[in-house]
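Beneath this line is the structure, given in structure tokens, with notes to follow.
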Amino acid sequence: MGSGSLDKGYEPSGIEEKWYAYWLDNGFFKAEDKSDKPAFSIVIPPPNVTGVLHMGHALNNVIQDIMCRYKRLLGYNVLWMPGTDHAGIATQNVVERDLAAKGQTRDQLGREAFIQQVWKWREKSGGAIIHQLKRLGASCDWERERFTMDEGLSDAVRKVFVRLYKEGLIYEGQYIINWCPRCKTALADLEVEHEEKDAYLYYIRYPFVNKKQGLTVATTRPETLFGDTAVAVNPHDERFKDLEETHVMLPLTDRAIPIIRDEYVDTQFGTGALKVTPAHDPNDFNLGEKHGLEKLKVIDDDGLMLDGAGRFKGLDRFECRQQALEALKELKLLVKQEPLKHSVGHCYRCKTVVEPSISKQWFVKVAPLAKEASDAVRSGKTRIIPETWSKTYFEWMDNIRDWCISRQIWWGHRIPVWKCPACNEVMVEETDPTCCPACGSTEIAQEPDVLDTWFSSALWPFSTMGWPNDTDLLKTFYPTNVLVTGFDILFFWVARMMMMGIHFMDEVPFNDVYIHALVRDEHGKKMSKSVGNVIDPLKVIDEHGADAFRFTLAVFAAQGRDVKMSESRVEGYRHFVNKLWNASRFALMHITPKDVTIEHKKLSLSEKWILSRCAHTSLAVKDGIETYRFNEAASALYQFVWHEFCDWFLETAKPSLYEKEGVQRRDCARSVLSKVLEDILIMLHPFVPFVTEEIYSILPTTNGSILSATYPYNEQAYETLRDETVEKDMEFVFGLISGIRNIRSEMNIQLSMRIKVLAYTTDEKEKIIIAENKSMIVNLASLESFYFCDADNIPSSCASSVIGDTTCFVSLEGVIDFDKEIRRIEKELEKNTKELLAVQKRLNNESFLEKAPEDVIQKVNSQYVDLEEKNNKLKENLNRIKIMK
RNA sequence: GGGCGAUUAACUCAGUUGGGAGAGUGCAACCCUUACAAGGUUGAAGUCGCAGGUUCAAGCCCUGCAUCGCCCA
């Protein structure tokens with residue numbers, strides 16, 4: 001794209017904005033509705049329209065982006081469908097808070113005006129998270145952005161509701177549900193968060209009618225006693241075997257309630273006598289149904305006591321608890337109280353203690369849907385990764401309870417049910433009715449409630465693609481390839497999408513479900529505002545750049561483990577981005593626009609080596625991404641780029657590049673350098689899109705955006721370039737160099753002091769490798785000279801290093817410290833001997849030789865030979881130096 | 001109460017059919033060597049939570065225990 005030079009350090013700001021705008025302007029993220037190219041699709045887990053980007057979103061979307069960008073590099077037609085969720089209760093709460101600041105309530109405004117207010121809010125402040133996703137680099141097809149409340153999706157919701165109703169899978173009924181007195185709505189079981197709380201277990205005596213004694217019950221919620229309609233004991237409980245009484249008096253009231261017998265009662269808990277409050281406890285509700293008890297509601301929708309509470313009427317439920325306890329004490333009916341830890345349900349939106357309460361609500365009968373969804377995973381139509389989560393999925397699906405879908409709020413999809421007050425006719429149709437089909441009355445009224453937010457998100461994979469219309473988009477991209485999500489919404493969302501997808505599309509919504517970990521702080525604590533340990537992704541991006549942040553997330557995203565995020569780690573990977581930048585800066589000094597082709601025969605060992613390692617890396621990265629092991633892909637790249645490409649290859653290439661070995665060698669080095677750097681950029685691009693695009697655009701050998709490049713792995717290229725013999729030979733040379741460097745370091749020989757080294761070897765192959773790569777060794781070990789010697793002219797006063805069959809003698813004329821050298825060799829000998837003994841032990845074990853596979857024995861054998869060889873050489877060298885001394 | 005996961009170097013974590021313990025950060029020493037001090041070279045550092053078992057061979061498989069965390073009831 002033109003040559004240029006780069007600044008000394010990489011500065012992400014400016015560059016990121018530039019390229020993101022460029023990608024958008026040129027439509028690189030657009031999916032084709034119909035195409036000859038293979039399709040790949042992901043639907044985004046729609047963030048709440050009220051949301052701000054947090055670490056969980058960042059991880060979730062970076063993973064999706066890596067896959068989408070990778071697939072584009074492989075030539076796929078990629079759809080990454082973006083959008084937001086209307087988040088019923090959450091959004092309504094936000095807008096209500098805004099109103100409250102102005103001294104208004106939603107009731108004052110009225111339904112229509114309030115909903116308008118919410119839309120206005122959404123216009124103005126909603127969807128901020130979309131901009132934040134763009135800063136991450138998310139390559140969604142933004143022109144297709146959807147919203148769960150937009151027209152098309154609302155049509156889909158309506159259609160689904162009507163069909164389920166007509167199939168008998170949606171019904172209205174009077175059941176116990178979870179009620180949030182603050183949000184003033186019903187909640188699904190899932191929407192209740194349980195938390196262990198310190199509380200008391202109160203023992204309250206219920207006297208027999210006209211008698212002093214009675215039954216003592218134990219409860220954590222005394223205020224509910226006003227709703228008691230029975231006391232239950234276990235029929236097998238010895239304590240109550242001879243009980244003649246049939247009723248007890250309910251304290252603080254003038255009601256007598258029956259004593260019932262049921263095996264449900266736990267004889268171990270409390271006194272064995274259970275107060276039964278069918279209207280305010282799910283288990284008691286079931287008991288009530290079974291025994292035909294009255295269900296007396298004593299707490300209203302605001303959490304205040306109703307008529308049944310007598311003189312406590314109108315009190316808040318918790319205030320009532322205190323006052324009722326006082327009153328019981330006075331009557332000497334409070335027998336005792338003891339501390340108890342127990343689990344209390346809270347509203348997942350506002351954290352208010354939920355009140356189990358009897359109420360008329362709409363439900364989905366999910367069991368038949370759940371069975372199909374469960375079977376789809378059992379049969380492998382949909383894979384859950386990591387697999388361990390499928391167990392959790394089955395557990396939930398197989399014990400599923402009906403889903404309460406009505407919410408007593410205003411923001412959401414209004415339930416498409418009309419009722420006729422005159423004749424009680426119920427109308428559920430796809431178009432709004434104008435009059436009652438039974439009696440002709442026009443005084444019909446629509447249900448005031450709206451649907452659970454998750455009802456519309458359950459349709460997301462197909463509603464966003466145009467369902468109920470039969471669109472090309474659906475044909476091309478449904479089912480989606482993979483859904484990427486955190487396990488916290490496995491039940492809320494994934495399970496329900498499975499049910500709805502299978503039911504309405506006759507096809508699972510995704511082939512794979514990849515479940516990633518949660519992001520925690522660096523000590524493993526959940527990030528929360530109140531703890532103050534939240535790391536803001538946007539701040540991290542500002543400070544270190546989106547690329548460094550993305551790479552950190554990728555490296556951390558190991559399967560099945562939580563991600564512990566720390567800023568210092570991001571800083572570390574920022575260094576990596578900078579390293580890439582500087583390596584490219586160096587490369588740019590040498591690469592020319594001239595079209596250079598690689599002639600394999602002319603290549604040096606290190607050039608063949610880096611091409612081989614590059615091929616190896618391309619396969620490792622491919623495997624990593626395709627098996628959802630993003631950390632392995634990222635680590636492979638890190639290792640290759642820094643420790644192979646930069647540390648070794650670039651150093652070995654310098655003499656050639658600076659034309660110290662002729663023009664032909666220079667051109668070879670240039671061609672390999674530009675090829676490998678290009679491959680690196682392309683392989684890294686899914687992880688660090690901005691910096692790779694910037695460098696790619698500056699390279700004189702490339703055309704166009706890196707987004708239109710082709711991923712370097714293919715079988716043929718791999719077969720040509722991968723060469724394990726070359727890799728082994730190169731490692732031998734590296735070993736020589738490191739050995740000499742080690743002596744330098746241990747002996748405190750300054751780099752400026754050029755040293756003479758003699759190599760002694762009896763191995764012909766090693767001799768050839770050394771001869772062919774002599775200048776590389778001289779350069780990288782900073783030598784004055786490097787020659788072979790014979791057994792009879794080994795130099796005196798020298799330090800030695802053994803690699804393979806070769807010993808390098810580093811001449812230390814005049815500067816040698818014999819004691820130091822003796823210690824050095826002794827240390828190595830000790831280490832070597834230890835290893836040798838371990839290997840020897842295995843070879844002396846007859847069972848091992850008998851039972852271990854042939855290849856393992858052979859491997860150990862050759863290890864033994866090598867170690868023994870080395871051991872002998874070290875001993876020789878040690879003796880020699882001792883004699884010298 | 002039921003289920004799941006974790007425990008590996010000072011810290012944060014990898015370790016995929018069981019076959020000689022790894023990375024990053026940090027630490028120590030030396031080095032401004034013409035891409036990079038956000039760097040280079042070299043080095044020190046682990047009884048892989050504990051106790052058993054299976055196996056020729058266990059960080060990896062099995063059992064029990066301890067500690068921590070999560071989900072469901």
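Treat the numbers as computed from the prediction; the structure is a model and nothing was measured. All chains are named by letter (A, B, ...) in the order of the sequence lines, taking the proteins before the strands, and each is independently numbered beginning at 1.
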Between C1' of B:G69 and CZ of A:F487, the distance in whole Å: 10 Å
Gap in Å between the two C1' atoms, one belonging to B:C68 and one to B:U47, rounded: 22 Å
B:A58 versus B:G18 - spacing of their C1' atoms, nearest Å: 6 Å
A:E661 to A:S775 - nearest heavy-atom pair and separation: OE2-OG, 3.4 Å
A:R665/A:E607 ion pair, N-O < 4.0 Å: yes
Under the 3.5 Å Watson-Crick or G-U criterion, the dot-bracket string of RNA chain B, with | for inter-strand pairs: (((((((..((((.....[..)))).(((((.......))))).....(((((..]....)))))))))))).
Atom P, compared across B:U17 and B:C50: separation rounded to whole Å: 23 Å
Short side-chain donor-acceptor distance under 3.5 Å, A:D512 and A:Y628: yes
Ion pair check, A:E543 and A:R574, cut-off under 4.0 Å: no
Which residue lies more 5' along RNA chain B, comparing A:K831 with A:R741 via nearest heavy atoms: A:R741
Verdict with supporting geometry, A:S800 and A:I825, side-chain contact (heavy atoms from CB on, under 4.5 Å): CA-CA 8 Å; A:S800 59; A:I825 298 181; 3.8 Å; yes
Name of the residue among A:E678, A:E644, A:M683 meeting side-chain contact (heavy atoms from CB on, under 4.5 Å) with A:C614: A:M683
Side-chain donor-acceptor pair present, A:N582, A:R585, cut-off under 3.5 Å: yes
Closest listed nucleotide, where the reference is the side chain of A:N631 and the choices are B:A14, B:A73, B:C56: B:A14
Candidates B:G5, B:A35, B:G20 - which lies nearest the side chain of A:E835: B:G20
Residue closer to the 5' end of RNA chain B, A:P853 versus A:N742 (nearest nucleotide): A:P853
Nucleotide nearest A:F491 (side chain, heavy atoms from C-beta), chosen from B:C72, B:G20, B:G19: B:C72
Nearest listed nucleotide, side chain of A:K391, among B:G20, B:C4, B:G15: B:C4
Donor-acceptor pair under 3.5 Å, A:Q863 side chain vs B:G20 base: yes
Carboxylate-amine/guanidinium proximity below 4.0 Å for A:K675 and A:D679: yes
Inter-nucleotide P distance (B:U63, B:G5), Å rounded: 12 Å
Heavy-atom protein contacts under 4.0 Å, nucleotides 22-34 of chain B, coded B base, S sugar-phosphate only, - none: --S------S-B-
Selected nucleotide, minimal atom distance to A:K859 side chain, candidates B:U16, B:G20, B:C4: B:G20
Sugar-phosphate, base or nothing in reach of A:R744, heavy atoms under 4.0 Å: nothing
Gap in Å between the two P atoms, one belonging to B:U34 and one to B:G22, rounded: 34 Å
Short side-chain N/O contact from A:K827 to OP1 or OP2 of B:G43, under 4.0 Å: no
Sugar-phosphate, base or nothing in reach of A:E632, heavy atoms under 4.0 Å: base
Chi angles and distances behind the side-chain contact (heavy atoms from CB on, under 4.5 Å) call for A:Y10, A:L580: CA-CA 9 Å; A:Y10 176 63; A:L580 174 71; over 6 Å; no
A:T392 side-chain N/O to B:G3 phosphate OP1/OP2 under 4.0 Å: no
Check: A:F630 ring centroid to A:F687 ring centroid under 6.0 Å: no
Any A:K841 side-chain nitrogen or oxygen under 4.0 Å from OP1 or OP2 of B:A57: no
Interatomic distance at P, B:C27 relative to B:C11, whole Å: 15 Å
Per A:V839 side chain, nearest of listed nucleotides B:C4, B:A35, B:G20: B:G20
Pairwise C1' distance, B:A23 and B:C30 [rounded to whole Å]: 24 Å
Carboxylate-amine/guanidinium proximity below 4.0 Å for A:E821 and A:R824: yes
B:U25 versus B:C62 - spacing of their C1' atoms, nearest Å: 37 Å
